[in-house]
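Worth saying up front: this structure is predicted, and the values here are computed from it rather than measured.
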Amino acid sequence: MGQAGSGGAGSGDQGEIGVAELQDWYKKFVTECPSGTLFFHEFRRFCGVLDNEEAAEYIENLFRAFDKNGDNTIDFLEYVAALNLVLRGNLEHKLKWTFKVYDKDGNGCIDKAELLGIVESIYRLKAACRKQPDDGTPLLSPEEVVDRIFQLVDENGDGHLSLDEFIDGARKDRWVMKMLQMDVNPGSWINEQRRKSA
């Protein structure tokens, strides 16, 4: 669909959204929510996970990250801004967005319980996370993933990850980057869901 899939979500900044692509996004948006606002139950259907309880927590956090003004709805501008970010944004912007998804209570830091909840949700959502990695490293449980991330990233040892620690940790360590972005690579996951429902 459009140019979104042509460069891949992982290729970084891909420039402006094309008019044709924007029109495709708008058609999909108004088809799903003719009122012009997307509520959470509609968002779940929109993402193709209406009956998927494994995805519930992750989708709830995605919805909150898309809902920039906190009014419990997503309007078209919020939708376009979020899609543009996850499909085309640079690494720092994507990490800031991922941080927002993980920071469930919105207090500006991530504690172990928040990170564990997301990692467990992602493990349930993506069975592929349960497979042995290609590099031969042993599979870690969600608790082990969280503990290792905090050991590597929590520079001041306060049991909370600030945005700066989160971004710095991801940039310094490839494993941390992979684990922090295992939130389904939102760009490719969103494209896959949109293709399924098209």
Side-chain angles (χ1 to χ4, degrees), residues 4 7-14 47 54-68 70 78 81-193:
S11 61
D13 188 4
Q14 298 176 10
C47 292
E54 284 85 23
E57 183 176 354
Y58 181 75
I59 294 301
E60 184 178 331
N61 288 355
L62 275 181
F63 181 83
R64 188 179 37 75
F66 274 62
D67 180 17
K68 291 280 193 197
E78 289 171 321
L83 281 182
N84 190 47
L85 172 67
V86 299
L87 296 174
R88 291 183 168 69
N90 66 32
L91 177 61
E92 184 169 339
H93 290 134
K94 288 180 180 182
L95 286 170
K96 285 180 180 179
W97 189 82
T98 300
F99 182 87
K100 185 175 179 181
V101 171
Y102 283 29
D103 182 16
K104 189 172 183 174
D105 62 10
N107 69 351
C109 63
I110 301 169
D111 61 31
K112 284 188 175 187
E114 286 174 315
L115 187 57
L116 180 59
I118 290 292
V119 171
E120 287 175 339
S121 180
I122 293 166
Y123 264 49
R124 288 190 303 269
L125 181 59
K126 293 191 58 96
C129 291
R130 295 190 178 112
K131 295 179 182 171
Q132 177 99 2
D134 292 337
D135 61 7
T137 59
L139 177 66
L140 300 176
S141 70
E143 294 82 4
E144 292 169 325
V145 168
V146 170
D147 287 343
R148 184 166 177 203
I149 288 173
F150 269 82
Q151 287 172 358
L152 295 170
V153 177
D154 186 12
E155 294 175 3
N156 61 7
D158 67 353
H160 294 85
L161 301 181
S162 69
L163 177 60
D164 289 340
E165 287 174 323
F166 186 87
I167 291 172
D168 291 346
R171 285 185 171 160
K172 290 178 186 173
D173 190 294
R174 291 180 67 107
W175 180 86
V176 170
M177 173 73 80
K178 180 180 173 187
M179 290 297 107
L180 292 178
Q181 288 195 320
M182 77 176 174
D183 61 342
V184 302
N185 182 355
S188 63
W189 185 77
I190 287 169
N191 270 335
E192 178 184 329
Q193 296 306 316

S.K.: Give, for atom CG of Asn107 and atom NE2 of His160, the distance between the pair rounded to the nearest 0.5 Å.
M.R.: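 Result: 6.5 Å between the selected atoms.
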S.K.: Looking only at heavy atoms, what is the nearest atom pair of Glu114 and Tyr102, with distance?
M.R.: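 Scanning both residues completely, I find the closest heavy atoms to be CB-O, 3.7 Å.
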S.K.: Determine whether Leu62 and Trp97 satisfy the following criterion, side chain to side chain contact (heavy atoms under 4.5 Å, CB included), listing intermediate values before the conclusion.
M.R.: CA-CA 9 Å; Leu62 275 181; Trp97 189 82; 3.0 Å; yes
S.K.: Val153 and Gly169: which non-hydrogen atoms are nearest, and at how many Å?
M.R.: CG2-CA, 3.9 Å
S.K.: Could Arg64 and Glu60 be called an ion pair, given the rule that one side-chain N must be under 4.0 Å from one carboxylate O?
M.R.: no
S.K.: For the CG atom of Asp147 and the CG atom of Leu140, what is their distance to the nearest 0.5 Å?
M.R.: 10.0 Å
S.K.: Closest approach of Pro142 and Glu120, non-hydrogen atoms and distance?
M.R.: CB-CG, 3.7 Å
S.K.: If you take all heavy atoms of Val145 and Trp175, which pair is closest and at what distance?
M.R.: O-CH2, 3.8 Å
S.K.: Between the side chains of Glu143 and Lys112, is the shortest nitrogen-to-carboxylate-oxygen separation below 4.0 Å, so that they form an ion pair?
M.R.: no
S.K.: Might you point out which heavy atoms bring Asp111 and Phe150 nearest each other, and give the distance in Å?
M.R.: C-CZ, 3.6 Å
S.K.: Could you pull out the closest heavy-atom pair between Cys109 and Phe99, with the gap in Å?
M.R.: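 Looking at all heavy atoms of both residues, the shortest contact is CA-CZ, 3.8 Å.
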S.K.: Which pairs, with at least one residue in residues 154-169 and sequence neighbours excluded, count as a salt bridge (charged side-chain N to carboxylate O under 4.0 Å, His left out)?
M.R.: Glu155-Lys172
S.K.: Decide yes or no for Ile149 and Leu161: does some side-chain heavy atom of the first lie under 4.5 Å from some side-chain heavy atom of the second?
M.R.: yes
S.K.: Could you give the distance from CG (Leu116) to CD1 (Ile110), rounded to the nearest 0.5 Å?
M.R.: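 Between atom CG of Leu116 and atom CD1 of Ile110 there are 13.0 Å.
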S.K.: How long is the straight-line distance from NZ of Lys96 back to OG1 of Thr98, given to the nearest 0.5 Å?
M.R.: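 That separation rounds to 12.5 Å.
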S.K.: Report yes or no: does Glu92 contribute a side-chain atom to a donor-acceptor pair with the main-chain N or O of Ile167 at less than 3.5 Å?
M.R.: no
S.K.: Within this structure, what is the CG-CG distance for the pair Leu115 and Asp103, rounded to the nearest 0.5 Å?
M.R.: 11.0 Å
